[in-house]
Amino acid sequence: MNLLLAQLAVENTTYRFDKPFTYIVPEALRAAVCPGVRVTVPFGSGNRTRVAMVLALQEAEQPDSRLKAILKTLDDEPLLSAEMLELVPWMKSRYYCTLFEAVKLMIPAGIGYKIVNRYRISAAFKDYDRTLYGDLEWQIIQQLSNAKQGMTGAQLMVKLGIDEKCDALCGLLEKGIVIRENAASRNMGDATSKMICAVPDFSGTLSPKQQSAFDTLCDVGTVSVRELSYFTGVSTAVIKALADKGAAEIFEVERFRRPKLSAAEQNALPKTLSPEQARVAQEILRECDAPEPSVALLYGITGSGKTAVFMHVIRHVLDAGRGVIVTVPEISLTPQTLAVFTAAFGDTVAVFHSGLSMGERMDEWKRVRSGQAKIVVGTRSAVFAPMQNLGLIVMDEEQESTYKSESSPRYHAREIAKFRTNYNRAYCLLCSATPSVESYYMAKSGKYQYHELLNRYGEAIVPDVRLVDMNSEDLYRGKPLISMALARAVSENLEQGRQSILLLNRRGYHTYAVCRDCKTVVSCPNCSISLTYHAANNRLMCHYCGHSEPAYARCRSCGGELTFSGGGTQKAEDQLREAFPEARILRIDTDTTANKYALEKKLAAFSAGEYDIMVGTQMVAKGLDFENVTLVGVLSADQSLYSDDYRSNERTFDLLTQVVGRAGRGRFRGTALIQTHVPENPYLHLAARQDYARFFETEIRFRRAMLYPPFSDILQIGFVGEKEETVRLAAEEFSARLCETFSRDYPTLPIRLLRASAASVSRMGGKYRYKIIMKYKNTKQFREIIASLIIAFSADKRFSAVTVYADPNPDTIL
DNA sequence: TACTCCATGCAA
DNA sequence: TGCATGGAGTAA
């Protein structure tokens with residue numbers, strides 16, 4: 001009888017030695033092992049048990065003696081379809097990730113098995129003589145003798161406070177008294193947020209830190225653990241200790257709920273399409289029904305009703321019996337968004353979102369795979385939904401950077417969408433009011449289909465936008481964040497009982513503190529970045545690594561007085577309160593909306609007219625739709641304009657266009673004021689006029705001249721490590737090898753290599769960062785060269801303390 | 001001679 | 001990453 005072999009993606013491999021591993025399928029498992037099923041296998045010289053995914057099966061004549069056999073299967077039926085199994089190696093080659101990293105994206109987190117160590121007393125062990133063992137050893141023996149099932153490493157940690165690698169345990173293992181086994185165990189639990197409330201009559205002793213946390217807690221009542229940690233600056237360990245001492249209670253609440261059908265009814269979209277919408281929808285349907293797969297860009301100015309159009313298309317595809325995936329950026333996956341879909345499509349909608357509990361995530365995943373759900377709505381990872389017979393993928397706001405993964409596998413959802421569109425002979429619809437330059441270029445050059453909506457739906461008209469020159473404009477009563485012009489507009493708006501939205505894309509109170517005498521900037525101990533002063537908790541905080549310490553007034557190095565400057569949202573809120581004492585002001589940023597419900601509640605309250613002014617970070621800039629908002633103010637448009645990143649123009653244009661589009665979505669004409677110190681900057685004027693076409697013309701010329709995407713692909717190779725010198729050397733060495741390889745072996749390949757340099761935030765979380773930027777043509781040959789260079793490099797002992805990664809078309813190249 | 005420690009290399 | 005292997009060094 002022939003031998004059956006399986007190609008497996010094994011978990012916990014490193015990129016250096018990752019590849020499909022071949023295992024023997026034992027006779028007994030022949031029926032159960034098939035592609036897409038997970039198995040456990042012995043791996044490595046110690047034959048430790050690991051989870052692996054079956055990628056493919058093959059027959060073999062003669063058995064190779066080096067091959068090991070599969071231990072058992074973990075699934076009764078395949079988790080991955082042929083399509084997904086094909087996508088796995090595709091992703092490995094493009095994103096320089098391991099096979100199993102790709103697999104993990106495609107299966108719901110709750111379904112994951114983890115390999116855990118279990119310890120139990122050897123059956124042969126009889127020698128219960130206390131005098132033979134040390135205290136700790138004896139405790140371990142006692143504990144394990146009592147546990148029939150044995151104990152996991154984690155359980156031992158909890159009971160005895162010992163590490164799995166401690167001497168006592170290792171000693172017992174060596175003597176054969178304790179036996180270690182490892183087995184796959186299901187890791188299921190619920191993604192909830194931890195809330196904490198004080199036990200008021202608590203009368204024990206507390207450490208100073210615990211006391212301060214306790215006092216705060218008594219003042220505020222119930223808060224999330226995260227918020228408490230923000231306000232008091234203590235670590236979660238301190239908070240936990242508080243609960244252990246009985247001073248507080250920690251409980252969990254579900255973070256996310258599916259909208260009820262009844263609530264959804266109110267959010268139904270208008271049933272009728274405008275003539276323009278109907279015409280575009282018809283065109284799209286025609287392409288959609290064509291047998292060939294295609295990608296299309298739907299450009300529609302803000303308020304033109306793109307949603308209504310693609311809902312129409314979705315309906316059509318569903319009616320034809322095919323499945324639909326809709327992706328939205330993180331920020332716009334709100335209960336309102338879901339309600340729109342639930343209202344239109346009822347129970348056939350499944351939701352993919354990081355806020356779901358693991359159980360829910362798994363349920364939704366199964367509903368999709370089984371075909372009960374025909375439409376998936378979710379964020380980036382929803383493009384991997386196990387939809388059979390996929391007919392349509394809609395990407396709303398396709399330019400959003402949340403579609404690009406910032407950790408391995410560093411994929412872009414748009415690329416995965418295109419792969420699936422081709423595989424399924426389906427249709428991919430990219431939607432945006434400010435498309436990415438790359439997508440618009442593809443549409444203009446005929447690689448994508450192109451459709452546009454140029455009129456606002458209903459009576460809404462495009463807002464009137466003005467730039468306010470902060471160099472010449474008088475400030476309102478000495479308030480540096482608010483100009484006279486903006487103050488007048490806000491006050492008029494208040495008088496008319498309308499609402500205003502103000503954008504300031506920086507959190508905190510003061511964004512900068514510097515010593516008057518020695519000019520030292522107060523910066524994070526772990527990152528090369530200045531600390532932001534937060535008035536809400538009187539602390540200095542790092543927005544990169546989360547470091548936080550109590551604020552102080554005197555310079556740490558010379559004792560001089562600190563000068564605080566730079567305004568964030570907290571300061572803006574303060575100044576607005578002083579300027580408009582009668583106005584009801586709402587601040588929205590990640591500090592005020594630590595949990596999901598807080599944001600929901602606040603937006604609902606604003607929508608109900610309980611506030612007059614909303615001031616916030618980019619959270620307020622996108623996707624919100626409030627009838628009564630007629631004024632939008634951008635407090636400072638300047639931050640993103642002068643960074644070196646090649647996408648900064650695009651980002652500025654996008655943000656401004658979007659936020660301006662929040663004004664006048666109802667019956668009244670909207671106004672927008674953009675405050676800037678550089679009123680001559682052309683991109684501000686283009687955004688003010690909402691002139692995407694001209695923006696594109698300007699930008700594409702720059703991209704062509706500089707050979708940036710879409711005229712080349714970019715690869716960033718990043719180096720991270722503790723010692724700056726080593727990291728720098730690693731980057732330089734890699735750069736040298738790159739040059740050498742390309743000039744010696746592939747002199748004909750077009751490539752531009754930029755010198756290795758420190759990342760713009762050169763230190764983050766205590767680690768130094770360097771990068772190499774390359775402009776090249778993303779071909780198979782090129783990718784293979786890079787992959788082999790990375791593998792060779794990570795084998796170099798000199799740089800073992802440096803991690804290398806490759807990021808194709810990164811979101812930023814800073 | 002026996003044993004520990006660490007650098008090295010490999011994973012099916 | 002994590003484990004086995006073996007050579008170097010050390011103690012007896």
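First the proteins, then the strands, lettered A, B, ... as listed; each starts at 1.
Classification of the H412(A)-Y403(A) ring pair by plane angle, with boundaries at 30° and 60°, yields tilted.
Here Y770(A) pairs with E724(A) under the side chain to side chain donor-acceptor pair (under 3.5 Å) rule; sequence neighbours left out. Taking the side chain to side chain donor-acceptor pair (under 3.5 Å) definition, one finds that Q716(A) meets it with nothing, sequence neighbours left out. By the side chain to side chain donor-acceptor pair (under 3.5 Å) test, D796(A) is found to be paired with R737(A), R798(A), residues two or more places apart in sequence or in another chain being considered.
Bounding nucleotides for the chain A contact on DNA chain C, 5' to 3', at a heavy-atom distance below 4.0 Å, are dT1(C) to dA4(C).
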What donor-acceptor contacts under 3.5 angstrom involve side-chain atoms of residues 782-791 of chain A, with partners at least two apart or in another chain?
residue, atom, partner, partner atom, Å
R783(A), NH1, N778(A), OD1, 2.8
E784(A), OE2, K780(A), NZ, 3.4
S788(A), OG, E784(A), O, 3.3
S788(A), OG, I785(A), O, 2.9

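Screening M106(A), M84(A), R38(A) for a side-chain contact (heavy atoms from CB on, under 4.5 Å) with L79(A), the sole residue that qualifies is R38(A).
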Protein-nucleotides 9-12 of chain B N/O pairs under 3.5 Å:
residue, atom, partner, partner atom, Å
dA12(B), OP1, G44(A), N, 3.1
dA12(B), OP1, K68(A), NZ, 2.4
dA12(B), O3', T22(A), O, 2.9
dA12(B), O3', K68(A), N, 2.7
dA12(B), N6, K19(A), NZ, 3.2
dA12(B), N3, T22(A), N, 3.4

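Aromatic ring centres of F419(A) and Y411(A) lie farther apart than the 6.0 Å criterion allows.
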